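Right, one structure below, let's go through it.
By convention in this document, chain letters (A, B, ...) are assigned in the order of the sequence lines, proteins followed by strands, and residues within each chain are numbered from 1. Note that this is a predicted model, so its numbers are computed, not measured.
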Amino acid sequence: MPTDYAAERRAAAGGGDRDFIRTIIDEDLEMGRHDGRVVTRFPPEPNGYLHIGHAKSIVLNFGLAEEYADRADTTCRLRFDDTNPHAESEEYARAIEEAVRWLGYAPDEVRHASDYFEQFYEYANVLIRKDKAYVDSQSDEEIRANRGTVTEPGTPSPYRDRSVEENMDLFERMKAGEFADGEHVLRAKIDMASPHMIMRDPLLFRIRHAEHYRRGDEWCIYPMYDFAHCLEDAIEDVTHSLCTLEFDNNRRVYDWVLDHCLPDEEQPQRPYQFEFNRLNLGYTVMSKRKLRQLVEDDVVSGWDDPRLPTLAGLRRRGVPPSAIRRFCRDVGISRTQGRVEISHFEHAIRDDLNYKAPRVMAVLDPLEVTVTNWPDGETERLEMPNFPPEERDALRDELNDNERAEKLLGSREVPFSRTLFIERDDFRKDPPEGYHRLAPGREVRLRYGYFFTCEEVVTDDNGDVTEIRGTIDRDTRGGEAPAGGRSPRGTIHWVSAEHALPVEARLYDRLFEHPAPDAGDEDFAEHLNPDSLVTRRGFVEPSVASDPPQQRYQFERQGYFWQDPDERRKARQREQAKAAERDPTAGFDEEQQARFHRYRRELELDAGDAATLAESAELASFFETAGTSSGAPQAAANWVVNELLRELKDTALADLPFDAKDVGRLAALDDRDEVSSRAAKKIFSEMLATGADPDQIVEKRNLRQVSDAEKLRPVAREVVEAHPDEAARYRDGKEGLIGFFMGQLMQETRGKADPELARALLREELAASPEQETD
RNA sequence: UGCUCCGUAGCUCAAUCGGCAGAGCACUGGUUUCUGGUACCAGGGGUUCCAGGUUCGAAUCCUGGCGGAGCAGCCA
């Protein structure tokens, strides 16, 4: 066993047009190491938001699994490194997984380090039995003081020579919760005089009486990174454990722990750690702390501010995931740390959008133009291609006969009329040398419109231009040069004043003026770019009104734009707030008020639901009977409000073929998950038709929910195999198709399947490659 | 100052056993173009951090120095 295997492999991995990690993997495959497997993982701690730097790691790890799939048995997992109960949360975990999927990667599996706590405990006992670990009872100050400094060795703990038996006993009692936080820790017994600070008896376990977001209060001892991470990799059969350069020193502990925890027969298959350079982008900051400061100081609007390098921010800015993937592959990996110019990233984004975003005309700083030889009130619709010819050709290859192609390759109609807006900057009273746009007496091409000549300039008292007047040449319709062949040098964009849609355009620029805002110490905020967000009010051609909200555009000659999804979210929230402001109990008498407040207080019902139920005495008593008989008033309320009420539009409560107790029984079935919600709706409609008892319907129709993975898996597989085209598109990233498969599966099981389980099984079946399925 | 890692074009990286220092991006110029965009072509740009050594020959190996980064959390 070489003392530093990874360093030796690195040194040997010279040459080729590939980076050092790919070179090492190539060689491992050639040598038949790891049985031809390449297993990687992306291991974030769910304690914050992901940024472009994480994207580099994601693209590397998941990219390797994709790249080597034809030569090796590849796996890449998403693993949450959730070993510290402080600061970790389900919310972060969800956001991280969503970001990974948004980036275009479907993890082969999602795992949690917190599921391995039992195994970490066992491995710790292995170390204790080998006298390679001990319980230290020094205070944290003492431990720090005795660790020594970079120049002086540390001094061994007085507890270092406790017997194996005493250590076993103490450690077990640590786990049992007999001690307070900080009273004891478990440490590896390595070398207090090691020149590597990290090897001076690193801590393995600490006591933390804290609520873990997944394990609750099951555990009160938690493993440290250096102990847990390598074991997580080993448990998951990771072959190449990739991390950033700052973990270089930690590799010594990584190897030490695995050397001493794993039995001899597992040693040949054990994972090794390799470090690569993290991404540093110019003109921005990347550390969690600095990003948080920007958010908390309201310098930006939130974690998803489009100027931030967070994945959430880039997503909101409209950056396609493909551009991020391309960029991450472009910068590559090495072991030399440096700073990537932001222009590199910006280029990758423009390059991607160039052939994805249809062209559209928008004027962001409007100047009025009157076409004096165009009749007032006349509107002409001019046809314009959505893409210039070169991009159309590129698109044709990209899209083939895809339905989107029609729209993207096609054209649209844009209205032309007597009054137009052009960009204020596209006109100069006194044009400088080399300026070939509009000026007094000059002719320009109105893109895809007509040639226009400026004949008159209207100014206000300050001498500012308020209007341009002039004429168009009817022979240049569509912007085509007439037979004579004259062609103006300038082409400018325009919109018809009467038809254009008003827009607020936000022009985002880099957040900082300094190429390395975080290079100095604390005052990175001093380098903020005051013009990082400029808002303009202008007009866009009306064709965009019918587009889907996620459509990206290139505003001709200006840049790329899309609808800010946050605006749509805010609009929804405003609607909801308005609805909430309306007092649902307006006009209620005392009796109704009393019922309303009782439902709110005792049953914690939603205000709207409570008001609906409380309003009518008849409905209220029906609901209360149903609620009491079901033992699940919440569920009963949902049924009465959402389903029953619809029926009551044309049937009186008294005319229903069933009574409140039946509804209560149905709510109970639903609430206890004995039937799926889909099946429950079926039962309800049968109750409406026949008045039959819900429990009898369940028995007769055999509607009990199927929550057995063994029974559901074959159905899931069948559904996937029966639709290979959809499955292929799903694997290509069209994850929305999961809904299609759910529909198919529900039809197969007549709505009986436990939806959560079914979805999980479908994802697994879909993730399996077609080759594996035929095996 | 101890240990670890890293210094090649403005930036990111190549350079096969030690054998003519290259590519992409950026920049400049040209061509095409109904976007001053895109695309295509060409060009400029190098003390391979420095000094010594080994060698016929060093970016590569050795020694010393300089510079940058990381490590002394019961964070990851």
Side-chain angles (χ1 to χ4, degrees), chain A residues 4 7 10 14-19 43-45 47-48 81-84 86-88 136 139-140 143-144 147-154 181-182 184-187 194-200 202-208 222 224-226 228-229 243-252 275 277-280 282 288 330-345 347-348 350-351 354-355 359 361 384-385 387-391 393-394 434-437 444-449 451 476 478-481 487-493 515 554-559:
Chain A
D4 197 339
R10 257 186 351 255
D17 56 347
R18 303 165 70 72
D19 57 68
E45 182 187 16
N47 71 343
D81 210 353
D82 49 0
T83 56
N84 180 3
H86 299 329
E88 292 167 2
D136 193 355
S139 69
D140 57 344
I143 290 178
R144 222 185 343 268
R147 187 148 28 217
T149 67
V150 289
T151 46
E152 312 148 31
D181 288 11
H184 306 283
V185 292
L186 186 73
R187 297 180 74 174
S194 170
H196 298 104
M197 295 294 292
I198 194 104
M199 294 294 267
R200 321 245 258 230
L203 272 63
L204 267 24
F205 264 94
R206 77 284 213 186
I207 299 172
R208 282 258 230 259
Y222 291 90
M224 302 290 293
Y225 168 86
D226 280 314
H229 201 91
C243 62
T244 44
L245 245 21
E246 66 269 24
F247 290 95
D248 191 298
N249 287 300
N250 300 72
R251 189 178 64 246
R252 274 89 199 164
E275 312 86 23
N277 57 342
R278 72 158 60 229
L279 175 66
N280 290 310
K288 240 170 232 176
D330 277 1
V331 298
I333 52 157
S334 71
R335 289 178 64 80
T336 78
Q337 74 281 65
R339 192 169 286 276
V340 179
E341 287 184 8
I342 189 97
S343 59
H344 201 335
F345 183 43
H347 175 268
R350 281 196 303 271
D351 207 43
N354 183 38
Y355 70 92
R359 312 291 124 116
M361 292 202 290
M384 302 187 186
F387 279 92
E390 318 88 64
E391 279 81 6
D393 293 341
Y435 185 87
H436 45 257
R437 284 167 282 167
V444 289
R445 188 195 318 262
L446 297 175
R447 189 151 162 91
Y448 300 124
F451 290 4
T476 58
E480 304 283 354
S487 180
R489 277 278 271 158
T491 298
I492 66 173
H493 58 274
Q554 184 192 109
F555 287 0
E556 296 239 17
R557 306 207 297 134
Q558 317 229 53

Looking across every strand, which nucleic acid part, if any, lies under 4.0 Å from F345(A) by heavy atom: base, sugar-phosphate, or nothing? nothing
For atom CZ of R147(A) and atom C1' of G2(B), their distance in whole Å: 15 Å
Whole-Å C1' distance, C11(B) and G36(B): 26 Å
So what does V185(A) touch, heavy atoms closer than 4.0 Å: a base, only the sugar-phosphate, or nothing? base
Distance-only donor-acceptor test (3.5 Å): side chain Q554(A), base U35(B): yes
Would you say R339(A) places a side-chain N or O within less than 4.0 Å of OP1 or OP2 belonging to C11(B)? no
When you check the phosphate oxygens OP1 and OP2 of U1(B), does a side-chain N or O of T149(A) lie under 4.0 Å from one of them? no
Touch class at under 4.0 angstrom, heavy-atom based, for Y222(A) against every strand present: nothing
Now, which nucleotide makes the Watson-Crick or G-U wobble pair with A42(B), with each of the two distances under 3.5 Å? U28(B)
Does a nitrogen or oxygen in the side chain of H347(A) sit under 4.0 Å from OP1 or OP2 of A26(B)? yes
Give I198(A) one of three labels, base, sugar-phosphate or nothing, depending on what nucleic acid heavy atoms sit under 4.0 Å from its own. nothing
Please tell me if R557(A) has a side-chain N or O lying less than 4.0 Å from either OP1 or OP2 of G36(B). yes
Give a yes/no on whether any side-chain N or O of S343(A) is located under 4.0 angstrom from OP1 or OP2 of A26(B). no
Would a 4.5 Å heavy-atom cut-off, applied to side chains only, mark P515(A) and R339(A) as touching? no
Can you tell me the Watson-Crick or wobble partner of U4(B), both distances under 3.5 angstrom? A69(B)
Looking at A76(B), I'd like to know if its phosphate oxygens (OP1 or OP2) sit under 4.0 Å from a side-chain N or O belonging to R206(A). yes
